Amino acid sequence: EMCIRDRVSTQSTWGKTKKKMVKLAPEKLKSSPRHVCAQCKVDIALESALFSKDFRGRTGEAYMFSEVVNVEYGPSSERVLLTGTHEVRDCCCAYCQQVLGWSYLKASEPSQKFKEGKIVLELAYLTKIE
């Protein structure tokens with residue numbers, strides 16, 4: 001599924017509320033090394049936020065991060081993955097809409113709870129900047 005591309009802001013004019021689509025400026029990460037979206041080069045994650053390199057996605061190698069920026073999320077769904085059933089949601093670049101990976105919302109297995117709140121990004125969709 002597609003992620004929501006634009007954020008909605010409401011603006012009140014004489015008691016009437018208008019909705020308009022606004023695009024926020026991308027957050028810039030101030031240190032390196034960092035990972036950027038391979039398609040549009042927007043900053044996504046610092047190397048220091050890398051939690052684990054031991055993941056695989058649809059395209060191959062993937063990394064788990066504890067924190068990302070300039071990412072939007074799709075709706076949550078329950079998926080059966082290699083390590084059990086998890087509640088996850090796809091994540092995509094907030095600027096070009098490229099799906100980058102997924103985030104873990106809830107893990108059913110106690111041994112997998114460490115994944116909750118973390119984000120897995122597929123290396124095929126990232127470029128590392130030194």
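The structure presented is a predicted model; accordingly, all values stated were derived computationally and were not measured.
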Next on the checklist: Taking transitive links into account, so neighbours of neighbours count too, which hydrophobic residues share a cluster with Val36 at under 4.5 Å side-chain distance?
Outcome noted: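 Other cluster members: Ile129.
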
Checklist entry - Rest of the hydrophobic cluster containing Phe55 (Ile/Leu/Val/Met/Phe/Trp/Tyr, side-chain heavy atoms under 4.5 Å)? => result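 Once heavy-atom contacts under 4.5 Å are chained together, Phe55 belongs with Phe51, Met64, Leu81, Val88, Trp102, Tyr104, Phe114, Val120.
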
Can you list the residues that meet the salt bridge (Lys or Arg N to Asp or Glu O under 4.0 Å) rule with [X], with sequence neighbours excluded?
X     : value
Glu87 : none
Glu67 : none
Arg34 : Asp43
Arg56 : none

Item to check | Worked check of side-chain contact (heavy atoms from CB on, under 4.5 Å) between Val71 and Ile119 | outcome: CA-CA 10 Å; Val71 167; Ile119 304 94; 5.6 Å; no

Checklist entry - With distance as the sole test, does Ser108 use its side chain to make a donor-acceptor pair with the main-chain N or O of Thr85 at under 3.5 Å? => result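 A pair under 3.5 Å: yes.
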
Item to check | Gap between atom CG of Leu105 and atom CZ of Arg89 - 0.5 Å precision | outcome: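 The CZ atom of Arg89 sits 5.0 Å away from the CG atom of Leu105.
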
Checklist entry - Measuring from Glu122:CD to Cys91:SG, what's the distance to the nearest 0.5 Å? => result 9.0 Å

Checklist outcome for this item: Hits for ring pair (Phe, Tyr, Trp, His ring centres under 6.0 Å) against Phe65, two or more places apart or cross-chain, chain-then-number order -> His35

Item to check | Under the side-chain contact (heavy atoms from CB on, under 4.5 Å) test, residues paired with Gln39 that sit two or more places apart | outcome: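 By the side-chain contact (heavy atoms from CB on, under 4.5 Å) rule, Gln39 matches Cys37, Cys96, Gln98.
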
Checklist entry - Sequence neighbours excluded, which residues qualify as side-chain contact (heavy atoms from CB on, under 4.5 Å) partners of Ser48? => result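 Ser48: side-chain contact (heavy atoms from CB on, under 4.5 Å) contacts with Leu46.
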
Checklist entry - Closest approach of Val99 and Tyr125, non-hydrogen atoms and distance? => result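 Here Val99 and Tyr125 meet closest at O-CD1, 3.3 Å.
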
Checklist entry - Considering all heavy atoms of both residues, which atom of Ala38 and which atom of Ala124 are nearest to each other, and what is their separation? => result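 Heavy atoms of Ala38 and Ala124 come nearest at CB-O, 4.4 Å.
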
Item to check | Within-4.5 Å side-chain heavy-atom neighbours: Pro33 and Glu130 | outcome: yes

Checklist entry - Can you list every pair that meets salt bridge (Lys or Arg N to Asp or Glu O under 4.0 Å) and has a residue in residues 110-119, with sequence neighbours left out? => result Lys113-Glu116

Next on the checklist: Test of understanding: with side chain to side chain donor-acceptor pair (under 3.5 Å), list the residues that count as partners of Ser66, not counting sequence neighbours.
Outcome noted: none

